[in-house]
Amino acid sequence: MKQLLQDARTGELRVAEVPAPQLLPGCVLVRVVASLVSAGTERASAEFASKNLLAKAKARPDLVRDVLAKMRRDGLASTLQTVRSRLVQPQSVGYSSAGVVVAVGDGIADISVGDRVACAGAGYAVHAEFACVPRMLVAKISDGREGSSREGSSREGSSKVFCEEAAFGTVGAICLHGIRTAEVALGDTVAVIGLGLLGQITAQLLKAAGCRVFGMDLLRQRADLAIGSGAEDACTGAREFRDLCFQKTGGAGVDSVLITAETPSSEPVNLAAELARDRAIVVAVGTVGMELQRKLYYEKELDFRVSRSYGPGRYDAAYEQKGRDYPIGHVRWTETRNLAAFLQFIADGKLNLPSLITHRFPMEQAARAYDLITGTTREFFLGVLITYAGAESGTTPNLSEKIPVSAVAPSSGSIGLGVLGAGSFAQNTLLPALKAIPGVSFIGVCNATGPRSRNAAEKFGFSYCANSESELLQDPKISAVLIATRHHLHASQALAALRAGKAVFCEKPLCLSEDELAALVCAAAEDHAPFLMVGFNRRFAPMAVEMKRFLSEIHEPLAIHYRVNAGYIPADHWVNDSEQGGGRILGEVCHFVDFLCFLAGACPIEVQALTVGNPGQYSMDNVVASLKFANGTLGTISYLANGDKSASKERVEVFGGGSVAILEDFRRLELVRNGRKQITRARWGQDKGHKAEMQAFVDALRGKTPPPIPFEQVVGSTLATLRLRNSCQTGQPLTVQLSEFVASSLQEKSAH
């Protein structure tokens with residue numbers, strides 16, 4: 001499919017051929033008929049992207065602080081690699097569109113294939129021929145207007161026209177939420193400052209709600225347009241507008257002011273205070289300066305509010321991504337219901353949106369729309385649409401796409417690699433390490449979103465990119481699969497790859513439940529099963545290998561303490577989501593459990609975890625875990641999110657046999673024995689073992705070495721981590737009987 005992408009370094013736009021998005025559970029796949037270009041949000045994004053690095057840094061000092069913090073923590077090389085990777089990752093643009101549903105994901109019962117819908121949301125309702133959109137960010141387009149008597153009814157049989165108007169849905173929902181935030185009532189007098197697209201739609205909605213509307217914009221053309229479609233009067237100067245509002249209200253001032261302008265200046269918010277009556281409500285809908293003059297707001301006891309996007313539910317992952325609606329009795333107007341209400345206004349003929357459409361561009365010329373909104377063409381515009389040829393043809397599209405990228409044929413005898421998941425970690429860390437190893441041919445890459453698939457394919461020289469994992473698993477040229485998707489997909493994808501006869505490298509965690517682990521144990525036990533490796537990279541770090549060599553001379557149980565200053569991440573981060581990420585114990589502590597297994601040379605037989613008292617800020621991610629190993633070694637893991645990220649992240653201390661080994665952040669290793677101290681410092685920065693891990697994986701594939709991590713330890717550390725999570729919930733110790741778990745897994749399989 002075709003999609004409009006923006007270069008994060010230069011702001012340059014291009015229409016690229018990328019795989020269509022995967023249909024995800026709880027989502028619908030929409031064939032887009034029209035999408036709206038936002039003159040505010042998208043212009044700001046384009047202008048930021050076109051800045052040089054220094055200008056970007058000045059505009060976003062918060063990002064600079066993040067970069068500096070990462071540099072102190074992870075070193076210069078790692079930080080530069082991360083920054084470069086983000087700058088070369090193309091950005092999807094757009095957030096308001098409409099089209100026809102061509103597929104419906106699991107869990108949706110109220111939308112069917114063939115329904116026309118409006119779509120919302122950055123990252124979802126993008127400028128592309130197809131969009132995968134969560135249920136709560138779509139609303140069905142009503143057919144009610146087909147029987148209305150509105151002027152222009154000759155157009156009403158056109159589905160394309162309906163979709164073009166519905167493409168305004170996201171902006172319309174923003175306007176509706178702004179009006180609701182202002183608590184506007186029937187008969188109120190309302191001033192609208194800024195008559196761009198937001199202001200024009202706001203004025204029309206206010207008129208439909210029975211309000212008297214007065215508008216102001218610096219452009220006469222916009223002011224005249226507002227008068228023609230809803231405003232009682234409009235003007236172009238602040239003094240003139242002030243006089244107008246007081247004249248029309250008998251000197252009292254307006255009941256509400258909606259600021260729909262976009263400017264860094266605070267003049268609009270202070271002008272609003274002058275226009276308003278005592279105890280009126282002023283609402284900032286657009287992006288404006290907010291240095292309020294206290295005297296103006298104090299003397300009238302004004303209520304200043306900021307309207308947040310489309311309404312309740314926005315920025316709530318549980319609502320938007322998982323479809324957990326708010327009860328209508330408690331939250332009457334969510335973002336979804338605002339979107340649906342706006343579509344009903346269209347269906348009832350209450351709005352004149354065609355008068356706001358100044359430009360239409362076919363998808364192939366979409367970049368011209370940005371020349372328009374950024375002022376390059378110096379042409380008047382308002383509603384700018386991108387249209388998509390063939391969207392209304394009624395033909396069934398081919399949704400399984402495999403797009404050739406590189407014509408380089410795999411070399412004879414090379415290892416054919418397929419990659420599932422092309423996120424930041426895969427592109428920043430795993431794939432560069434694999435690319436440096438001779439004899440590995442990059443065949444196919446698949447990601448849930450097309451732009452990432454295409455970018456990874458071009459960046460690393462894959463033969464093709466695809467939107468279906470089956471394309472890779474059925475490809476005879478692929479002998480090994482790297483899995484770097486979100487955690488909840490790891491087990492099912494690893495199983496599918498093993499059953500397809502592919503060797504598997506699965507980034508941690510291997511799975512999120514004991515049932516999944518049992519299924520993987522059974523798959524790996526089958527005759528001629530390919531080998532399975534998990535991305536426990538720390539055991540391959542040069543300093544870890546040196547530490548292990550030092551400890552191998554000790555012939556007694558060890559005492560190991562691993563302290564991790566993990567840092568805080570928000571509760572709604574996907575890693576903390578029990579369904580997608582499994583939480584930080586499964587997603588991250590598994591690393592440290594494996595490292596203790598590596599140093600101990602044995603698997604845990606008992607685990608216990610306790611959590612630090614939680615004031616409500618944390619997500620069971622301040623944990624002190626105890627592990628007992630089969631050879632008598634004891635280990636503790638202090639995994640803490642309540643520290644300062646500027647301190648070192650990881651510290652391992654090992655005691656035993658009259659010796660001490662201390663590893664600090666994989667930068668400094670101190671070995672002490674017989675009064676002699678040996679200190680090794682990293683010369684070129686931190687090395688956590690990713691390159692050596694990939695080399696070990698490739699060597700095992702070629703038969704040069706056995707599997708780099710004994711499968712017993714893969715299963716043992718994973719089972720121990722799963723039970724650590726369970727122990728966190730009860731506070732009680734739990735046994736980890738690996739042999740019994742494996743035996744029962746195989747027995748249950750044979751029974752079925």
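- Under a cutoff of 6.0 Å and an axis angle of 45°, Lys508 and Phe536 do not form a cation-pi pair.
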Go through Ser648 and Arg563 one step at a time and tell me if the side chain to side chain donor-acceptor pair (under 3.5 Å) criterion holds.
CA-CA 10 Å; Ser648 68; Arg563 187 271 295 155; 3.2 Å; yes
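- At a threshold of 4.0 Å, the pair Asp316-Arg314 does not count as salt-bridged, since none of the basic side-chain nitrogens sits closer than that to a carboxylate oxygen.
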Arg539 vs Gln713, test: side chain to side chain donor-acceptor pair (under 3.5 Å). Steps then yes/no.
CA-CA 12 Å; Arg539 62 165 61 211; Gln713 290 190 18; 2.7 Å; yes
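- Heavy-atom neighbours of Asp106 CG from other residues, nucleotides or ligands within 6.0 Å: at or below the threshold of 12.
- Residues Ile605 and Thr735 form no side-chain contact, since every pair of their non-hydrogen atoms from C-beta on lies 4.5 Å or further apart.
- The ring-ring contact (aromatic ring centres under 6.0 Å, His included) test applied to Phe592 returns Tyr562, not counting sequence neighbours.
- Using a 4.0 Å cut-off between charged side-chain N and carboxylate O, Arg723 and Glu514 make a salt bridge.
- Taking 4.5 Å as the limit, some side-chain heavy atom of Ile108 sits within range of a side-chain heavy atom of Val28.
- Side-chain contact check for Cys597 versus Phe629: some heavy-atom pair is nearer than 4.5 Å.
- Every ring-ring contact (aromatic ring centres under 6.0 Å, His included) that Tyr319 has, sequence neighbours left out, goes to Tyr326.
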Stepwise salt bridge (charged side-chain N to carboxylate O under 4.0 Å, His left out) check, Glu579 with Arg324:
CA-CA 14 Å; Glu579 296 173 11; Arg324 294 175 183 167; 3.2 Å; yes
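- Shown here are the ring-ring contact (aromatic ring centres under 6.0 Å, His included) partners of Tyr124, two or more places apart in sequence or in another chain: there are none.
- The minimum heavy-atom distance linking Thr485 with Leu420 is given by the pair CG2-O, 3.4 Å.
- Look at Arg135 and Asp325 and you find no salt bridge, because none of the NZ, NE, NH1 or NH2 atoms lies under 4.0 Å from a carboxylate O.
- Shown here is Glu291, whose CD atom has no more than 12 heavy atoms of other residues, nucleotides or ligands within 6.0 Å.
- Under 4.0 Å is where a charged nitrogen must lie from a carboxylate oxygen, and between Arg668 and Glu670 at least one such pair does.
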Evaluate the criterion side chain to side chain donor-acceptor pair (under 3.5 Å) for residue pair Gln732 and Asn726; output intermediate values, then yes/no.
CA-CA 9 Å; Gln732 301 300 311; Asn726 295 341; over 6 Å; no
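- Ion pairing between a basic and an acidic side chain is recognised when a charged N comes within 4.0 Å of a carboxylate O; Lys688 and Glu693 show no such pairing.
- Atom CD of Gln617 is surrounded by more than 12 heavy atoms from other residues, nucleotides or ligands within 6.0 Å.
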Run the side chain to side chain donor-acceptor pair (under 3.5 Å) test on Ser638 and His561 for me, step by step, so that the C-alpha distance in whole Å, both residues' side-chain angles and the decisive distance to 0.1 Å come before the verdict.
CA-CA 8 Å; Ser638 298; His561 180 227; 3.1 Å; yes
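- Between Arg651 and Asp665 there is no salt bridge, since none of the side-chain N atoms of the basic residue sits less than 4.0 Å from a carboxylate O of the acidic one.
- Side-chain contact between Cys446 and Gln22: present, with at least one pair of heavy atoms (C-beta onward) separated by less than 4.5 Å.
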